[in-house]
Amino acid sequence: MEAYKLLHDGSIALARVEANGMRIDMRHLENTARRATFRAKFLTELLEKDPIYGKWRARFGRSASLTKRQQFAYVLFDILKYECRARTAPTAAYPLGQPKTDKKSLAHIDSEFVQDYFRLMKYLRIKSTFLEGIKREVVNGFLHPIQNLNIARTYRGSSDHPNGQNFPVRDPEMGKMIRQCIIPRNKNYVGVEFDFKGIEVAVAACYCKDPNLISYVSDPSKDMHRDMAAQCYMLPPDKVSKYLRYCAKNQFVFPQFYGDFYPHCARALWESLDREPEVKGYLASKGIRKLGKCDPQIDPVKGTFEYHIKEVEADFWGRRFEKYAQWKKRQWEQYQEEGGFNFFTGFAETGIFSRNDVTNHRIQGSAFHILLWTLIQTDKWLRQRRMRSKIINQIHDSMMMDVHRSEYQEVLAKVIRIATIEVREHWPWIIVPLTIEVEKYKTNWHNKRPVKLEAVA
DNA sequence: CAACAAAGCGCG
DNA sequence: AAAGCGCGCTTTGTTG
């Protein structure tokens, strides 16, 4: 019943989110689309002038095209004789797999032609997937992405026509070109984004009740990612830069939590040091000068970085988060006995699942349910009070609003109260504090800036 | 020709 | 023993 109610109330609240929609700056959208088209055209002409494309055309004639990956692979590996380091999974049509042509698999190729190829692909994606994808769906200046609650196996939400949950942000140029098109609904509104900080880690702590993990997510003076960076790179904690902390978070901690293992983590962490080479010197002073093979089939050699990360991994699960490891093991055994598992939010899953699924689904899904409950309560409160502020999107752990200027203080205070206090009263299984980060924009989404919260609370 | 699969890449 | 999870969109390529 609890899960049913969440889906029921969630469907209604999200239907209103769809109806509200996000305001699009159509003039800016058109201008940006023209710029993307121009850059794509420029790069196409540049690449087609290149002697390499001469060979490409000589081989494929009239069917030659820069966007055909099989042709691109043929040119790289059969004509130019670059080393092929990765192939796709075997299929009936290609028992050996095909050469992979994604950015990572070609990282070892030092070629202007390849770099410009990826730049071209980027502008084509900006143009077709994002700008044209938005334009196709705009009605009267507003975009209304569909909000699904019946798709994801984890009982997360999803979004389509267009997907409102994957607008670019990590690539600064891409993020700017797309997010500048999204603006407050009119001059009386401010765009506001409420983001749960580290919600999946917090939910993991609630499920496994590991005392060290609880302590990390509860004590603001502690910093798990900094500590893991210190351990991975063998640095004192106060010598960990922002960048190294970021690397440890995304190349060790999260992959480990979701079930990755040390050869992948070691390689990724090592390669990230290309941007901070002095750390390699520091590691060398500790006797670590080589990465190691990072082949899952072969035991790592003592003295390599891979061997070191293997030890960090053993310490991570054997000592630091021992209770978390025991929880994972217990959950897998229980799933094998019962053929399914239950969420703290009332949901259940039955069927065939991998070891990782059994723990990850609940963490990912329940984290979303905290956001969904927050959204439902916010929507209810806005309507009871006949407020003019509107919820306009949801991105798994964040909620976007157009907040009316006259309601700004009141809305921010209420949403923060729902997200950090009321949701914990509703769900006592949330045994750790929840924190919300707030950002706002007056011009467009790309220009969002952090809101100082003392001013609101 | 339509339907589907695969590859690649955008987000949390 | 097995070794990140969850989505949606576009283009190319295959199948029948």
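Remember, it's a predicted structure, so these values are computed and weren't measured experimentally. Order of the sequence lines sets the chain letters (A, B, ...), proteins ahead of strands, with each chain counted from 1. We use all heavy atoms of the structure for the numbers below, so side chains are in, but hydrogens, waters and symmetry mates are not.
- For A:F77 and A:Y82, the ring centers are positioned 6.0 Å apart or more.
- Considering all non-hydrogen atoms of both residues, A:T32 and A:M177 come closest at CG2-O, 3.5 Å.
- Among the protein residues, A:M174 comes within range of the sugar-phosphate backbone only, with heavy atoms under 4.0 Å from sugar or phosphate atoms but none that close to a base.
- Put simply, A:T154 has no side-chain N or O that comes within less than 4.0 Å of OP1 or OP2 on C:dG6.
- Here the nucleotide nearest the side chain of A:F261, chosen from C:dA3, B:dG12, C:dC7, is C:dA3.
- Of all nucleotides listed (B:dG10, C:dG4, B:dC11), B:dC11 comes nearest to the side chain of A:V169.
- Counting non-hydrogen atoms under 4.0 angstrom, A:Y155 reaches nothing in the nucleic acid.
- For A:Y94 and C:dG13, the shortest distance from a side-chain N or O to OP1 or OP2 is not below 4.0 Å.
- Base pairing annotation: C:dT12 forms a Watson-Crick or G-U wobble pair with B:dA5, both donor-acceptor distances under 3.5 Å.
- Look at A:T67 and you'll find a side-chain N or O under 4.0 angstrom from OP1 or OP2 of C:dT12.
- Within the nucleic acid shown, A:N166 comes within 4.0 Å of at least one base atom, counting heavy atoms only.
- A:S398 comes within 4.0 angstrom of nothing in the nucleic acid, heavy atoms only.
- Among the heavy atoms of the strands lying under 4.0 Å from A:R153 are primed sugar atoms or P, OP1, OP2 only; no base atom is included.
- When both distances must be under 3.5 Å, the Watson-Crick or G-U wobble mate of C:dG4 does not exist.
- Here A:I151 lies in heavy-atom contact (under 4.0 Å) with sugar-phosphate atoms only.
- The phosphate of B:dA7 (OP1 or OP2) has no side-chain N or O of A:K100 nearer than 4.0 angstrom.
- Rounded to an integer number of Å, the gap from A:I146 CD1 to C:dG8 P is 12 Å.
- Atoms CE (A:M121) and C1' (B:dA7) sit 13 Å apart, rounded to a whole Å.
- If you take NZ of A:K329 and P of C:dA3, they are 18 Å apart, rounded to a whole angstrom.
- Nucleic acid contact class of A:F167 (heavy atoms, under 4.0 Å, all strands): sugar-phosphate only.
- Proximity of A:H264 to the phosphate of C:dG4: a side-chain N or O atom is located under 4.0 Å from OP1 or OP2.
- Counting only heavy atoms from C-beta on, A:D397 has its side chain closest to B:dG12 among B:dG12, C:dT14, C:dG4.
- A close approach under 4.0 Å does occur between a side-chain nitrogen or oxygen of A:R136 and OP1 or OP2 of C:dT10.
- Ring centroid separation for the pair A:F316 and A:F257 comes in under the 6.0 Å cut-off.
- Of the candidates B:dC11, C:dG6, C:dG8, C:dG8 carries the atom nearest the A:D160 side chain, counting heavy atoms from C-beta on.
- At C:dA1, none of the side-chain N or O atoms of A:R355 fall inside 4.0 Å of OP1 or OP2 (strictly under the cut-off).
- The base of C:dC5 sits within donor-acceptor range of the side chain of A:Q364, with an N or O pair under 3.5 Å.
- If you check every strand for non-hydrogen atoms under 4.0 Å, A:Q256 touches nothing.
- The ring of A:H225 has its center no closer than 6.0 angstrom to the ring center of A:F252.
- Among the heavy atoms of the strands lying under 4.0 Å from A:T101 are primed sugar atoms or P, OP1, OP2 only; no base atom is included.
- The nucleotide whose nearest atom lies closest to any side-chain atom of A:F118 is, among B:dC9, C:dT10, C:dC5, B:dC9.
- Between the side chains of A:S105 and A:D102, a donor-acceptor pair is found at a separation under 3.5 Å.
- Residue A:Y258 has its side chain nearest to C:dG4 when only C:dG6, C:dG4, C:dT11 are considered.
- Distances shorter than 4.0 Å separate some side-chain N or O of A:Q70 from OP1 or OP2 on C:dG13.
- Minimum atom distance to the side chain of A:R125 is reached by B:dG8, of the listed B:dG8, C:dC9, C:dG4.
- Using a 4.0 Å heavy-atom distance criterion, A:R362 is classed as making no nucleic acid contact.
- Scanning all heavy atoms of the two residues, the minimum distance from A:F343 to A:Y155 falls at CZ-CD1, 3.7 Å.
- In the set C:dT11, B:dG12, B:dC9, the nucleotide with an atom closest to the side chain of A:R69 is C:dT11.
- A:T88 has a side-chain polar atom (N or O) that falls below the 4.0 Å cut-off from OP1 or OP2 of B:dA7.
- For an aromatic pair to be called close, the ring centres must be under 6.0 Å apart, and A:Y53 with A:F113 fails this.
- A sub-4.0 Å separation between OP1 or OP2 of C:dG6 and a side-chain N or O of A:H361 is present.
- Taking the six-membered ring for Trp and the full ring otherwise, A:Y207 and A:Y324 have centroids separated by 6.0 Å or more.
- Between the side chain of A:R156 and the base of B:dG12, a donor-acceptor pair under 3.5 Å is found.
- Going from atom CG of A:N393 over to atom P of B:dC11 covers 15 Å, rounded to whole Å.
- Rounded to whole angstrom, the span from the CD atom of A:E132 across to the P atom of B:dG10 amounts to 17 Å.
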